[in-house]
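This structure is a prediction, so every number in the text was calculated from the model and none was measured. Residue numbering restarts at 1 for every chain, and letters A, B, ... go by the order of the sequence lines.
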Number of protein chains: 2
Amino acid sequence: MSGELEPIDQAIVRELAADGRRSFTDLAERVGLSVSAVHQRVRRLEQRAVIRGYTARLDAEAIGLPLTAFISLSPIDPAAPDDYPQRLEHIEEIESCYSVAGDYSYVLLVRVASPTDLEELLRKIRESAKVSTRTTVVLSTPYEGRTPAL
Amino acid sequence: MSGELEPIDQAIVRELAADGRRSFTDLAERVGLSVSAVHQRVRRLEQRAVIRGYTARLDAEAIGLPLTAFISLSPIDPAAPDDYPQRLEHIEEIESCYSVAGDYSYVLLVRVASPTDLEELLRKIRESAKVSTRTTVVLSTPYEGRTPAL
DNA sequence: GCTGAAAATGCCTGGAT
DNA sequence: ATCCAGGCATTTTCAGC
């Protein structure tokens, strides 16, 4: 129903993924359309939530969050309702939350300032969601958040 | 050396993480500074690579990549040089690559259109990097790429 | 849905405090 | 390092095709 994307919309989306601050003038040249046509299409892509927003890509170290980790969650009580993402939503250190198939129910990507903060975060997560955790510390990040192929 | 970030720069960075297309006028109001002062600071944050760029946040499903997975890598030949990220860099389906401590050497986050494409991608990864893989399929994504706490 | 142009807004460079 | 001001570019709307 909504999986399709016209070639021109594809081009627009690709350009905005590469540089989210590109001007409509610039976009128009690159995709070969008038400025107002591009403007219209971008607004529609935003409304359809194909484009969900725009963000600055930050250097985690530079903003004081040099420690990244994956935290995998297992429910302790198998009878408890599966509302873990909600229970954890308020914890700001959690950047992403994935429901996964496999040995664990969820995988979280978290960023903190120090090992001490990671320890405290783990305590908070276990407490908030009644889960056991398995943590994989990220040593370095060769690349991250690259532009998708389209 | 580079771990610090002044309160005003923090505020700017936070605003641009929340909305990467915010105008300088808008930013100036929000952080309580003149437009040109904000302009200057943003330019410097970009130059210092605290801000590494801007990007549109896309709905993976809407752009035709509904299948997300984590792929963990183990070297096959322990004597081979550790240049896996480089060997995999050309594969566009790989969005992120993390070097991790734990049972595996690297974790990749990948996005593809279908299980068939995932199968083919795995073949490509094993071939390019001479590694064995363990794949964790993402069933759903409650949230992703949230703005860091700062 | 695209175009082209007009009006409003915002960008961004200098120069002064 | 911040503010002010001017010219310039961009955004945004609207009428016509």
Check whether any side-chain N or O of R14(A) sits under 3.5 Å from a backbone N or O of P148(A) as a donor-acceptor pair, and report yes or no. no
Of R44(B) and H39(A), the one whose closest nucleotide on DNA chain D sits nearer the 5' end is R44(B)
Length of the CZ-C1' vector between R43(B) and dC12(C), whole Å: 8 Å
With no hydrogens and no angle check, is any side-chain donor or acceptor of S96(A) less than 3.5 Å from a backbone partner on G145(B)? yes
Hey, does the side chain of Y143(A) reach the backbone of P85(B) with a donor-acceptor pair shorter than 3.5 angstrom? yes
Ignoring hydrogens and angles, tell me if any N or O in the side chain of R87(A) forms a donor-acceptor pair with the backbone of S128(A) under 3.5 Å. yes
Sorted by number, residues from residues 18-31 of chain A placing a heavy atom under 4.0 Å from DNA chain C are none
Is the number of heavy atoms from other residues, nucleotides or ligands under 6.0 Å of E46(A) CD greater than 12? yes
Just so I know, are the side chains of E93(B) and I71(B) near enough to count as touching, which here means a heavy-atom distance under 4.5 Å? no
Main-chain N/O of A62(B) paired to D59(B) side chain as donor or acceptor, under 3.5 Å: yes
Rounded (10°) bend between the five-pair end axes of the helix from dG1(C)-dC17(D) to dT17(C)-dA1(D): 30°
Please check this pair: side chain of S36(B) against backbone of H39(B), looking for a donor-acceptor N/O pair closer than 3.5 Å. no
Using a 4.0 Å cut-off to any heavy atom of chain A, which nucleotides of DNA chain D are the first and last in contact, reading 5' to 3'? dT10(D) to dT13(D)
Whichever of V35(B) and S36(A) has its nearest DNA chain C nucleotide further upstream toward 5': S36(A)
Please confirm whether the backbone N or O of I12(B) pairs with a side-chain atom of R30(B), one donor and one acceptor, at under 3.5 Å? no
Considering the options L88(A), I125(A), D77(A), which one meets the side-chain contact (heavy atoms from CB on, under 4.5 Å) requirement together with V131(A)? I125(A)
